[in-house]
A.B. asks: 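Questions regarding the structure given below will be posed in turn.
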Amino acid sequence: MQKIIYFNSRDTLIRVDIQRIVYFESDGNYTYMVVTNKLRSCLTMNLAHTEQALANQLGAQARRFMRIGKRYIVNMRHIYQIDTLKQTLTLSDGAGFVFQLPVSKEALKQVKALMVEQKA
């Protein structure tokens with residue numbers, strides 16, 4: 001089932017299928033959204049407002065996105081590997097894209113625990 005989310009700013013409207021969103025990255029008052037075809041779009045809102053927009057538009061489906069530290073919100077369905085030793089989170093679909101994000105050990109331990117808990 002396709003679920004579309006909209007991000008609106010003064011000059012742009014971005015329309016995207018939530019399944020294609022890989023992650024959001026904070027950059028001060030702006031947030032960059034990265035999708036599966038590696039397209040990177042700038043949203044004119046900070047990460048907290050992005051998180052709120054996800055919750056407002058997606059309701060219960062917003063749970064597929066996880067805030068990791070102060071810098072990222074990731075689509076949990078694209079988590080491929082959690083490496084606490086190297087402090088990296090790898091996001092991939094196993095075929096078309098791979099992104100490695102630097103994440104603190106503590107945040108990765110929390111992600112790992114949540115992923116194991118949800119599997120059970």
A.B. asks: Quick check on the 6.0 Å ring-centre criterion: do F24 and Y32 meet it?
C.D. replies: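 No, ring centres 6.0 Å or more apart.
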
A.B. asks: Quick one: do F65 and I18 satisfy side-chain contact (heavy atoms from CB on, under 4.5 Å)? Show the steps, please.
C.D. replies: CA-CA 10 Å; F65 294 95; I18 62 171; 4.2 Å; yes

A.B. asks: Count I, L, V, M, F, W, Y as connected when their side-chain heavy atoms are under 4.5 Å apart, and connections chain through other members. Are Y23 and L43 then in the same cluster?
C.D. replies: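 Not linked; separate clusters.
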
A.B. asks: Step by step, work out the side-chain contact (heavy atoms from CB on, under 4.5 Å) result for D93 and Y80.
C.D. replies: CA-CA 8 Å; D93 64 351; Y80 178 76; over 6 Å; no

A.B. asks: Would you say that V98 contacts L91 through its side chain, given a criterion of any heavy-atom pair below 4.5 Å between the two side chains?
C.D. replies: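 They are not in side-chain contact.
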
A.B. asks: State, to 0.1 Å, how close K105 and T84 come at their nearest heavy-atom pair, and which atoms those are.
C.D. replies: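 Scanning both residues completely, I find the closest heavy atoms to be CG-O, 3.3 Å.
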
A.B. asks: Does any part of the side chain of F7, heavy atoms only, come nearer than 4.5 Å to the side chain of R15, both counted from C-beta?
C.D. replies: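 No. Closest side-chain heavy atoms not under 4.5 Å.
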
A.B. asks: Check this for me: N29, atom CG, are more than 12 non-hydrogen atoms of other residues, nucleotides or ligands nearer than 6.0 Å?
C.D. replies: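 It does not: N29 CG has 12 such atoms or fewer within range.
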
A.B. asks: Can you find a pair of side-chain heavy atoms, one from M76 and one from R64, that are under 4.5 Å apart?
C.D. replies: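 They are not in side-chain contact.
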
A.B. asks: Are M33 and L54 connected, step by step, through hydrophobic side chains (Ile, Leu, Val, Met, Phe, Trp, Tyr) whose heavy atoms are closer than 4.5 Å?
C.D. replies: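 Same cluster: M33 reaches L54 through Ile, Leu, Val, Met, Phe, Trp or Tyr contacts under 4.5 Å.
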
A.B. asks: Are any of the side-chain heavy atoms of I14 and I5 separated by less than 4.5 Å?
C.D. replies: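 Answer no - side chains too far apart.
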
A.B. asks: Please determine, by modelled atom types, if R71 and S26 share a side-chain donor-acceptor pair under 3.5 angstrom.
C.D. replies: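 Looking only at side-chain atoms, S26 and R71 do not form any donor-acceptor pair under 3.5 Å.
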
A.B. asks: Measure across L89 and V103 and return the closest heavy-atom pair with its distance rounded to 0.1 Å.
C.D. replies: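 The answer is CB-CG2, 4.1 Å.
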
A.B. asks: Taking the side chain as every heavy atom from C-beta outward, state whether R40 and E25 have any pair of such atoms under 4.5 Å apart.
C.D. replies: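 They are in contact (side-chain heavy atoms under 4.5 Å apart), so the answer is yes.
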
A.B. asks: Is the gap between the ring centers of F97 and H78 under 6.0 Å?
C.D. replies: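 They qualify: ring centres under 6.0 Å apart.
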
A.B. asks: If you measure only the distance, is there a donor-acceptor pair under 3.5 Å linking the side chains of Q87 and D83?
C.D. replies: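 Not at all, the side chains of Q87 and D83 share no donor-acceptor pair under 3.5 Å.
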
A.B. asks: Given the rule in the side-chain contact (heavy atoms from CB on, under 4.5 Å) test, do L101 and V74 qualify, once you have shown the distances and angles that lead to the verdict?
C.D. replies: CA-CA 10 Å; L101 307 178; V74 301; 4.0 Å; yes

A.B. asks: At their closest point, which heavy atom of A62 faces which heavy atom of A55, and how far apart are they?
C.D. replies: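 Looks like CB-CA, 3.8 Å.
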
A.B. asks: For a quick test of reading the model, state the closest non-hydrogen atom pair linking L47 to K70 and the distance between them.
C.D. replies: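 Between these two residues, the closest heavy atoms are CD2-O, 3.5 Å.
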
A.B. asks: Identify the heavy atoms of R67 and G69 that sit nearest to each other, and give their distance.
C.D. replies: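 In terms of heavy atoms, the two residues are closest at NE-O, 3.1 Å.
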
A.B. asks: Can you find a heavy atom in the side chain of V22 that is under 4.5 Å from one in the side chain of F99?
C.D. replies: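 The answer is yes, as the side chains (C-beta and beyond) meet within the 4.5 Å cut-off.
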
A.B. asks: Answer yes or no: is there a side-chain heavy-atom contact under 4.5 Å between I68 and I73?
C.D. replies: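 No. Closest side-chain heavy atoms not under 4.5 Å.
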
A.B. asks: Kindly give the heavy-atom pair with the smallest separation between Q19 and T36, and that separation in Å.
C.D. replies: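 Scanning both residues, the minimum pair turns out to be O-CG2, 4.3 Å.
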
